[in-house]
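Quick notes on the structure that follows.
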Number of protein chains: 2
Amino acid sequence: MRADAKKNYDQLLSVAREIVARDGAGASMRDVARQAGVGFGTMYRHFPTREALLEALLRNGFDAMTARANELEASSEPAEALLIWLRETVAAAHAYSGVTASMMAAIEDPGSALNGSCVAMQSAGARLLRHAQAAGMARSDIDGADLFALVGALAWLADQHTPAARADRLFDVIAGAILTVQTGVATVEHLATS
Amino acid sequence: MRADAKKNYDQLLSVAREIVARDGAGASMRDVARQAGVGFGTMYRHFPTREALLEALLRNGFDAMTARANELEASSEPAEALLIWLRETVAAAHAYSGVTASMMAAIEDPGSALNGSCVAMQSAGARLLRHAQAAGMARSDIDGADLFALVGALAWLADQHTPAARADRLFDVIAGAILTVQTGVATVEHLATS
DNA sequence: ACCTGAACACCGTTCAAGT
DNA sequence: ACCTGAACACCGTTCAAGT
């Protein structure tokens, strides 16, 4: 990549991060190009679709949640690890509003630029779920895709002007439906009041 | 209303029903006017905002779910009534995809044309919830707004290409988190396999 | 190799002009 | 009273022309 191209790429991404955080996943592409001081064509060269732009924006966060799952797997008890990971993943998905729908679509579409990061993140979550299930601490009739869908639903709820107190309560309701035991340190009740 | 105006109004609504069912809540307004054989201005006269059009489209369904709640309240045991109502309301909300977000927004915005039907429906659901709670059959730490949000989340999930089997399982997970007992005839497990 | 922006086909919404 | 559609200010996307 030529130096000027690299500069445009970085500028585009940095501007997109601001604009998508403000306007959500449906933000104006023209605005991004304009604010980055770059022609529309240049933007389409770097990011041929809106999804390609979202992908570049979200890949880091998704990969971080994948890594976080592995970290928690080593450092915490199964149920606690799952609970902490769920909460952090919902918060991460909520950072860019409207992005959960792209996430749900991408995981079933191998052609999507987001597919890789989504699949990796779902697999990492599924591992935490299986460990909790093996320890008898999570209900055994759900799988990684169910978990992913519930994270999506919680992030969607947080996007809908849901007050934080209600969002927290709904998280507890759903997390409580996944976990079948209290874990001592990081129970649903504990996290709710901390 | 003049006869020609009434005819346009009905035609607009009938066409909108088809188009919104197909393209979701973000469907093209121009398409609706065009397919109805009516000028844009005529459409804006009858429905000044997109929400006004959605309102006319959804009011019947929402009012039906309000009536259904009252009916179930009289005919069924508290937990069973709540469970049946939840399932039917999620299905009704899912009929027009993307509409759940408008629903969530409308209930907090008194200026919205959808506000009335939404509030009435939420109140009816809240009554069913309170009865189940009074009978010790539903968890007591949630309210009508929580219930409404969970219905929205389930309808949203159904909108995201979620396979029916997964959508049913997720309904059971969440319904099971609301209800604290099995009701005999219409348990979560029964409805899941019926 | 890369960048640019006019051009195209759309969109929501308004409002002067018509019957 | 009611209807119409040109007009305005947008949008996503492409592609010939430039450096």
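All chains are named by letter (A, B, ...) in the order of the sequence lines, taking the proteins before the strands, and each is independently numbered beginning at 1.
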Between the side chain of T89(B) and the main-chain N/O of W85(B), is any donor-acceptor distance below 3.5 Å?
yes
Applying the 3.5 Å cut-off to both distances, the Watson-Crick or G-U partner of dT14(C) turns out to be dA6(D)
Strand partner of dA1(D), provided both Watson-Crick or wobble distances fall under 3.5 Å:
dT19(C)
Which of dC3(C), dC3(D), dC11(C) is nearest the side chain of D4(B)? It is dC3(D)
Find the distance F40(A):CZ to dT13(D):P and express it as a whole number of Å.
12 Å
Touch check for S28(A), heavy atoms < 4.0 angstrom, all strands: base, sugar-phosphate only, or nothing?
sugar-phosphate
On DNA chain C, does the nearest nucleotide to R50(B) precede the nearest nucleotide to G41(B) from the 5' side, or the other way round? Give the residue.
R50(B)
Rounded to whole Å, how long is the line connecting atom NE2 of H46(A) with atom P of dG12(D)?
18 Å
Interatomic distance where CE belongs to M43(B) and P belongs to dC11(C) [whole Å]
12 Å
Figure out the CG/P separation between D10(B) and dC2(D), and round it to whole Å.
14 Å
Would one find a side-chain N or O of N8(A) under 4.0 angstrom from OP1 or OP2 of dC3(C)?
yes
Starting the side chain at C-beta, find the nucleotide from dC11(C), dG12(D), dG12(C) nearest to M29(B).
dG12(C)
Counting distance only, does the side-chain N/O of S117(A) pair as donor-acceptor with the main-chain N or O of R59(A) below 3.5 Å?
no
Scan side-chain atoms only and decide if H46(A) and N8(A) contain a donor-acceptor pair under the 3.5 Å cut-off.
no
So A3(B), base contact, sugar-phosphate only, or nothing? Heavy-atom distance under 4.0 Å.
nothing
For a quick test of reading the model: is some side-chain N or O of R34(B) closer than 4.0 Å to OP1 or OP2 of dT4(D)?
no
Is A33(A) touching bases, backbone alone, or none of the nucleic acid, heavy atoms closer than 4.0 Å?
nothing
To the nearest Å, give me how far apart CG (L53(A)) and P (dC11(D)) are.
15 Å
Ion pair present between R139(B) and D172(A), side-chain N to carboxylate O less than 4.0 angstrom?
no
K7(B) NZ to dC3(D) P, straight-line distance once rounded to whole Å
11 Å
Check the distance between dC10(D)'s P and R30(B)'s CZ and give it to me in whole angstrom.
15 Å
Between dA7(D) atom C1' and Y44(B) atom OH, what is the distance in whole Å?
14 Å
Residue whose nearest DNA chain D nucleotide is more 5′ - R2(B) or V38(B)
R2(B)
Smallest heavy-atom separation, L147(B) atom then L82(B) atom, equals CD2-CD1, 4.0 Å
